[in-house]
Protein chains: 2
Amino acid sequence: MDTNTKLKQILRNEGFRYTPQRQMVWNELRNMGGHHDCEEIYDELKGKGTRVSRATVYRTIEVLARNGLIRKLEVGDGVARYEAKEDGNHHHDHMICIETGDIIEFYNEELERLQEEIAEKHGYELVRHVHQLFVKKK
Amino acid sequence: MDTNTKLKQILRNEGFRYTPQRQMVWNELRNMGGHHDCEEIYDELKGKGTRVSRATVYRTIEVLARNGLIRKLEVGDGVARYEAKEDGNHHHDHMICIETGDIIEFYNEELERLQEEIAEKHGYELVRHVHQLFVKKK
DNA sequence: AGCTCACATGAGACTCAATATCAATAAAGA
DNA sequence: TCTTTATTGATATTGAGTCTCATGTGAGCT
Ligand SMILES: [Mn+2]
Ligand SMILES: [Mn+2]
Ligand SMILES: [Zn+2]
Ligand SMILES: [Zn+2]
């Protein structure tokens with residue numbers, strides 16, 4: 001199934017409409033790759049002559065995030081970034097270089113396991129987590 | 001050495017002045033305990049009849065954080081919270097209950113070690129990290 | 001104790017990402 | 001095609017945090 005059909009199915013299934021604007025935002029973020037904020041997505045679409053409003057980009061991003069199609073990333077600089085969750089895209093966390101702003105992805109099974117264990121130990125169920133390593137080149 | 005003398009020493013050492021406002025913000029956050037935002041600190045001081053401006057609370061919090069006297073905590077709800085670093089206060093991360101908003105602290109040595117290891121593995125030096133578990137009661 | 005002045009404060013203007021408003025538009029089902 | 005109702009675009013508004021600048025004050029010096 002192609003990604004647009006997938007988008008359509010998920011939206012329809014949640015009672016949302018399958019609109020050109022939502023397709024554009026979704027496709028743009030996928031094509032850009034990496035981690036981008038709403039303003040970047042909006043500028044990119046505007047640059048291509050596409051007619052989408054800033055408000056709709058923000059709203060669409062919210063809808064996509066709520067439905068697990070994209071992931072939100074806040075590194076503490078005041079803007080929320082997003083990344084498309086491609087089909088084969090497994091969970092990962094981020095390492096942010098405090099000198100270049102580069103974002104490197106990492107995954108560690110033991111780390112994931114320990115978090116579950118800790119939540120459990122306190123009588124809680126782990127729903128989601130934020131894990132960011134702020135680093136600099138050695 | 002009492003905490004106000006410690007505050008004085010650190011401020012003076014960094015070229016900052018030891019002012020009543022800075023003492024009040026520092027003492028208030030310590031007395032409140034837990035994790036609070038600037039508005040809460042401001043309201044608390046105002047409620048006691050203390051004369052401090054909102055701008056000064058924000059500026060003081062920034063100074064205290066920069067000098068390692070307090071720690072910043074951002075849980076993603078748009079407001080930065082702070083907690084006093086008491087003398088015996090070792091590093092810890094936070095578990096946030098998504099139902100009650102409760103903040104539970106945790107520390108796991110193995111977790112800390114793994115983070116260093118991961119940064120290292122990618123040729124980076126770990127400067128700081130953000131680690132939050134969003135949980136709910138089982 | 002008094003003098004000096006660079007730093008700190010208070011009040012309010014300002015920034016900027018994000019959200020809300022609302023009239024106009026257009027999915028989607030009948 | 002018609003009708004209903006979510007969505008969109010343009011813009012106003014929100015709110016945490018920052019900036020400005022006139023006034024105040026900590027602290028070094030005499
Ligand atoms: Mn993880
Ligand atoms: Mn930690
Ligand atoms: Zn990523
Ligand atoms: Zn804490």
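Note on naming: letters A, B, ... go to the chains in the order of the sequence lines (proteins, then strands), and numbering restarts at 1 for each one.
- Between the NZ atom of A:K72 and the P atom of C:dA17 there is a distance of 14 Å, rounded to whole Å.
- A side-chain N or O of B:H91 and one of B:E112 form a donor-acceptor pair less than 3.5 Å apart.
- Close to C:dA8, at under 4.0 Å from its OP1 or OP2, lies no side-chain N or O of B:T19.
- Rounded to whole angstrom, the span from the CD1 atom of A:I61 across to the P atom of C:dT19 amounts to 12 Å.
- As a whole-Å value, the separation of A:Y42 OH from D:dT11 C1' is 12 Å.
- Judged by closest nucleotide on DNA chain D, B:D37 is the one of B:P20 and B:D37 placed further toward the 5' end.
- Regarding A:Q9, its CD atom lies at a distance of 16 Å from the C1' atom of C:dA28, rounded to whole Å.
- Under the 4.5 Å side-chain heavy-atom criterion for grouping Ile, Leu, Val, Met, Phe, Trp and Tyr, B:L45 is connected to B:L64 within one hydrophobic cluster.
- In terms of phosphate contacts, A:S53 brings no side-chain nitrogen or oxygen within less than 4.0 Å of OP1 or OP2 of D:dA10.
- No chain of hydrophobic side-chain contacts below 4.5 Å, direct or via other Ile, Leu, Val, Met, Phe, Trp or Tyr residues, connects A:Y107 to A:F134.
- Atom CZ in A:F16 sits about 14 Å away from atom C1' in D:dT5, given to the nearest Å.
- Listed candidates were C:dG12, C:dA17, D:dG17. Nearest to the side chain of B:A55 is C:dG12.
- As rounded to whole Å, 17 Å separates atom P of C:dG12 from atom OH of B:Y58.
- When the nearest nucleotides of DNA chain C are assigned to A:R51 and B:G15 by heavy-atom distance, the more 5′-ward of the two goes with B:G15.
- In this structure, a donor-acceptor pair under 3.5 Å is absent between the side chains of B:E105 and B:H90.
- At C:dA8, none of the side-chain N or O atoms of B:R59 fall inside 4.0 Å of OP1 or OP2 (strictly under the cut-off).
- One atom, OH of A:Y18, and another, C1' of C:dA26, lie 16 Å apart when rounded to the nearest Å.
- Taking every side-chain heavy atom of B:R17 into account, C:dA6 is the closest of C:dA6, D:dA10, D:dC19.
- For A:Q21 and C:dA26, the shortest distance from a side-chain N or O to OP1 or OP2 is not below 4.0 Å.
- Computed from coordinates, the A:R54 CZ to C:dC16 P distance equals 12 Å when rounded to whole Å.
- Of the candidates C:dT9, C:dA17, D:dT8, C:dT9 carries the atom nearest the B:R22 side chain, counting heavy atoms from C-beta on.
- Looking only at distances, a side-chain donor or acceptor of A:R22 sits under 3.5 Å from a matching main-chain atom of A:R17.
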